[in-house]
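Sequence lines set the chain letters: A, B, ... in the order given, protein chains first and strands last, and positions in each chain run from 1.
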Amino acid sequence: MEPFFYAMVDCNNFYVSCERVFAPALEGRPVVVLSNNDGCVIARSNEAKALGIGMGEPAFKRETFFRSHSVTVFSSNYALYGDMSSRVQQVLTRFSPEIEHYSIDESFLIMRSRDPRRLLEQAAEMRRTVYRWTGIPVCVGLARTKTLAKVANRIAKKREGTNGVWLMDGAAQVRDELAGVPVEDVWGIGRRSARKLRACGVRSALDLTRRTRDWVREKLTVCGLRTMMELQGIPCHPFEEQPPAAKSVTCSRSFGTRITRLDALEEALCAYVQRAAEKLRTRDLQAGAVQVFLSTNRFAEDPQYNGSGCLPLDRPTSHTPSLHRKALSILRDIYREGYKYQKVGVLMLDLAERGQRQLTFDDYRNAPDETRRDSLMKTLDSVNARFGRDSLRFGGAGLGRKEWHMRQRRLSRRFTTSWAEIPQVR
DNA sequence: TCTGGGGTCCTAGGACCC
DNA sequence: TCTGGGGTCCTAGGACCC
């Protein structure tokens, strides 16, 4: 068997890069993309990073700065990013059949060769091809474990002269590189763990590999231990070509303005239940329980309230009206008057694949009902697939523009997925 | 006025059982 | 004077990821 390397392919400033594909004039200029509700900065071009704009900064605090530095600002456009992501993934598949789509902008590939130089050439070719075919710039890091491949990717991105590709192998090279990686930049080490580690004198990734396993396990539990071993070149994270089935499905949004009335919350919740139920059906899943949560704005001075409740369903379902009913009864139960609410959300829990559960006598009795509901949902989904999301929807979510809807003041078009939004050529 | 959304896994502690 | 031990399951909270 040929020795193999993990290749971590990461799109550079992905959301910004997607916007630039359709606005090439923004190349070389500062650009940021905001989170839902135009809340905070979640993607920055290199020029925006150079201006000192931080990840996660609230957008409203930077309005003036954006204007005075001619920063182009976009609302997030997940229809566009999701579609661009699958295009990138399609290209990557040509370079290795063993591929794990890790996130919207990252993939792990297994690449096999006896000759590391040959691998570097392949990775460089992959990078060029992705850019030529999709317009998205990527960097590639190669190493013996996923965590080390992430480190290599970071170097490919940051270091001058790598051409966006870096391979890390051999004990001496790995040791030298890890010495230059701050421990908080290691994949799997978050803010809390980093603080704990620094307090104990662990500053670099190399420092971490030099502690005993017992010590690391005690400080950071088995998660930290796995990270440490991966840094030592021992693979602990499985390679998952088939993503495991989802265990929960969530839909929640912050409101465009604060909401106090129960009926407005009910409308919003209906809309989120619809979306969550659609997600269930596209994955062929059914929920066994529904959870609803409700919260005020934690940054405000106003009185705070967080409510949540969970109810089981009589039997697992992905039928929107049944899920609506259950969710609304939870909401009415946890709702308290007199608060300014910022967010409501729904979680579908105890998910099971359709047809994978034990049937009961009731199921036989209800079979005709069940069939009718299924075919109604199927029709609904196929109409929406053909004519666009929400062409057909439930009345409970209300009609027209609502105060709870998200702010999306700077949304670009769904260039690649919506015929209606393709710019007209004159 | 304005601070995202959607996930997973691990652990500790309590309930419960024999 | 004295109040078992071991196992499983569930849940809430914490930490992490992108």
Side-chain angles (χ1 to χ4, degrees), chain A residues 8-11 13-15 32-43 54-64 66 73-78 81-82 85 100-108 146-147 150 153 183-197 217-227 236-238 240 243-259 272 275-276 279-280 283 285 289 291 293 295-302 306 308-310 312 340 342-351 403 406-410:
Chain A
M8 151 76 354
V9 183
D10 189 329
C11 302
N13 314 328
F14 181 55
Y15 298 168
V32 298
V33 175
L34 306 183
S35 62
N36 271 328
N37 218 29
D38 293 346
C40 45
V41 175
I42 56 168
M55 186 68 174
E57 278 195 57
F60 74 91
K61 291 189 181 167
R62 284 290 204 165
E63 284 291 329
T64 329
F66 290 157
V73 180
F74 287 97
S75 301
S76 39
N77 182 347
Y78 289 104
Y81 312 150
S85 171
E100 174 185 334
H101 303 301
Y102 175 65
S103 75
I104 195 164
D105 68 335
E106 293 168 293
S107 296
F108 287 105
K146 285 181 162 182
T147 307
K150 289 279 264 187
N153 186 284
V183 76
E184 58 270 20
D185 288 359
V186 173
W187 186 46
I189 304 293
R191 254 217 322 266
R192 303 298 283 260
S193 302
R195 204 182 315 151
K196 217 184 278 182
L197 289 170
R217 192 180 202 290
E218 199 235 304
K219 290 281 173 198
L220 307 179
T221 79
V222 296
C223 302
L225 179 59
R226 282 199 275 261
T227 296
C236 297
H237 295 310
E240 288 172 336
K247 296 182 173 157
S248 67
V249 164
T250 307
C251 185
S252 75
R253 299 273 182 281
S254 292
F255 306 131
T257 57
R258 298 294 92 93
I259 301 294
Y272 306 159
R275 184 73 65 237
K279 282 193 215 172
L280 288 180
R283 301 176 201 185
L285 293 170
Q291 187 179 345
F293 66 89
S295 59
T296 48
N297 180 2
R298 67 184 195 282
F299 297 102
E301 302 280 320
D302 309 320
N306 292 289
S308 94
C310 187
K340 293 186 199 159
Q342 190 209 11
K343 192 180 199 177
V344 69
V346 63
L347 285 86
M348 302 294 167
L349 304 171
D350 292 349
L351 304 188
E403 76 264 43
M406 288 192 289
R407 273 189 308 278
Q408 288 186 305
R409 271 178 281 195
R410 325 210 207 198

Note to self: Considering every strand and a 4.0 Å limit on heavy-atom distances, what is the contact class for A:R275: base, sugar-phosphate, or nothing?
What the structure shows: nothing
Notebook entry, point to check: If you look at every strand shown and take non-hydrogen atoms under 4.0 Å, does A:D38 touch a base, only sugar-phosphate, or nothing?
Noted result: nothing
Next item on the list: Could you tell me whether A:E218 atom CD has more than 12 heavy atoms of other residues or ligands within 6.0 Å of it?
Entry: no
Margin query: If you define the side chain from C-beta out and look only at heavy atoms, does anything of A:K343 sit under 4.5 Å from A:S252?
Written below: yes
Which protein N or O atoms sit under 3.5 Å from an N or O of nucleotides 4-8 of chain B?
from  : atom 1 : to     : atom 2 : distance (Å)
B:dG4 : O4'    : A:S35  : OG     : 2.8
B:dG5 : OP1    : A:S254 : N      : 2.3
B:dG5 : OP2    : A:S254 : OG     : 3.1
B:dG5 : OP2    : A:K343 : NZ     : 3.0
B:dG5 : O3'    : A:S252 : O      : 3.4
B:dG5 : O3'    : A:R253 : NH1    : 3.3
B:dG6 : OP1    : A:S252 : N      : 3.4
B:dG6 : OP1    : A:R253 : NH1    : 3.0
B:dG6 : OP2    : A:S252 : N      : 2.7
B:dG6 : OP2    : A:S252 : O      : 3.1
B:dG6 : OP2    : A:S252 : OG     : 2.8
B:dG7 : OP2    : A:T250 : N      : 2.4
B:dG7 : OP2    : A:T250 : OG1    : 3.0
B:dT8 : OP1    : A:K247 : N      : 2.9
B:dT8 : OP2    : A:S248 : OG     : 3.1

Note to self: Can you see if the side chain of A:R62 gets near the phosphate of B:dC2 - specifically, an N or O under 4.0 Å from OP1 or OP2?
What the structure shows: no
Check: Has A:K340 got more than 12 heavy atoms of other residues, nucleotides or ligands less than 6.0 Å from its NZ?
Finding: no
Next item on the list: Report yes if the side chains of A:D105 and A:D10 come closer than 4.5 Å at any heavy-atom pair, otherwise no.
Entry: yes
Margin query: Please report the distance separating the C1' of C:dC18 from the corresponding atom of B:dC2, rounded so that it comes out in whole Å.
Written below: 24 Å
Next item on the list: Ignoring hydrogens and angles, tell me if any N or O in the side chain of A:K146 forms a donor-acceptor pair with the backbone of A:C236 under 3.5 Å.
Entry: no
Check: Tell me: CD of A:E57 to C1' of B:dC2, nearest whole Å?
Finding: 14 Å
Checklist line | Residue A:S193, side-chain heavy atoms: nucleotide from C:dC18, B:dT3, C:dC16 that is nearest | finding: C:dC16
Check: Do A:S35 side-chain atoms and A:C40 backbone N/O form a donor-acceptor pair below 3.5 Å?
Finding: yes
Margin query: What's A:L220 touching, base or sugar-phosphate or nothing? Going by heavy atoms closer than 4.0 Å.
Written below: nothing
Note to self: So A:K196, base contact, sugar-phosphate only, or nothing? Heavy-atom distance under 4.0 Å.
What the structure shows: nothing
Checklist line | Side chains of A:F66 and A:V41 in contact at under 4.5 Å (non-hydrogen atoms) | finding: yes
Check: Side chain of A:R217, backbone of A:V222: donor and acceptor closer than 3.5 Å?
Finding: no
Notebook entry, point to check: With a 4.0 Å cut-off on heavy atoms, is A:V346 in touch with a base, just the backbone sugar-phosphate, or nothing at all?
Noted result: nothing
Check: With a 6.0 Å cut-off on ring centres, are A:Y78 and A:Y15 close enough?
Finding: yes
Note to self: Please report the distance, rounded to the nearest Å, between CZ in A:R191 and P in C:dC18.
What the structure shows: 14 Å
Check: Quick one: on DNA chain B, does A:R407 or A:C223 contact a more 5' nucleotide (nearest heavy atom)?
Finding: A:R407
Checklist line | d(CD, A:E301; C1', B:dT3) in whole Å | finding: 14 Å
Notebook entry, point to check: Roughly how many Å is it from NZ in A:K61 to C1' in B:dT1, rounded to a whole number?
Noted result: 14 Å
Next item on the list: Take atom NE2 of A:H237 and atom P of B:dC9, then tell me their distance rounded to the nearest Å.
Entry: 12 Å
Next item on the list: Check whether any side-chain N or O of A:S76 sits under 3.5 Å from a backbone N or O of A:L34 as a donor-acceptor pair, and report yes or no.
Entry: yes
Margin query: Would the distance check show the side chain of A:T147 and the main-chain N or O of A:T227 forming a donor-acceptor pair, the cut-off being under 3.5 Å?
Written below: no
Notebook entry, point to check: Is A:R410 salt-bridged to A:E63, going by a charged N under 4.0 Å from an acidic O?
Noted result: yes
Notebook entry, point to check: With a non-hydrogen cut-off below 4.0 angstrom, is A:E106 in contact with a base, only sugar-phosphate, or nothing?
Noted result: sugar-phosphate
Item checked: Rounded distance in Å - CD (A:E184) to C1' (C:dC16) -> 15 Å
Next item on the list: Starting from Watson-Crick (N1-N3 plus N6-O4 or O6-N4) and G-U wobble pairs under 3.5 Å, report the runs of at least three that DNA chain B belongs to.
Entry: B:5-18 with C:5-18
Margin query: Looking at A:K150, I'd like to know whether one of its side-chain N or O atoms comes within less than 4.0 Å of OP1 or OP2 on C:dC18.
Written below: yes
What are the atom names and distances for every N/O pair under 3.5 Å that joins the protein to nucleotides 12-15 of chain B?
none

Margin query: On the nucleotide B:dC2, are OP1 or OP2 found under 4.0 Å from the side-chain N or O atoms that A:R258 carries?
Written below: yes
Check: Given atom CG of A:L225 and atom P of C:dC16, what is their separation to the nearest angstrom?
Finding: 15 Å
Check: Rounded to whole angstroms, how far apart are CZ on A:R192 and C1' on B:dT11?
Finding: 15 Å
Margin query: For A:H237 and A:F108: C-alpha separation, side-chain torsions, deciding distance, then whether side chain to side chain contact (heavy atoms under 4.5 Å, CB included) applies.
Written below: CA-CA 12 Å; A:H237 295 310; A:F108 287 105; over 6 Å; no
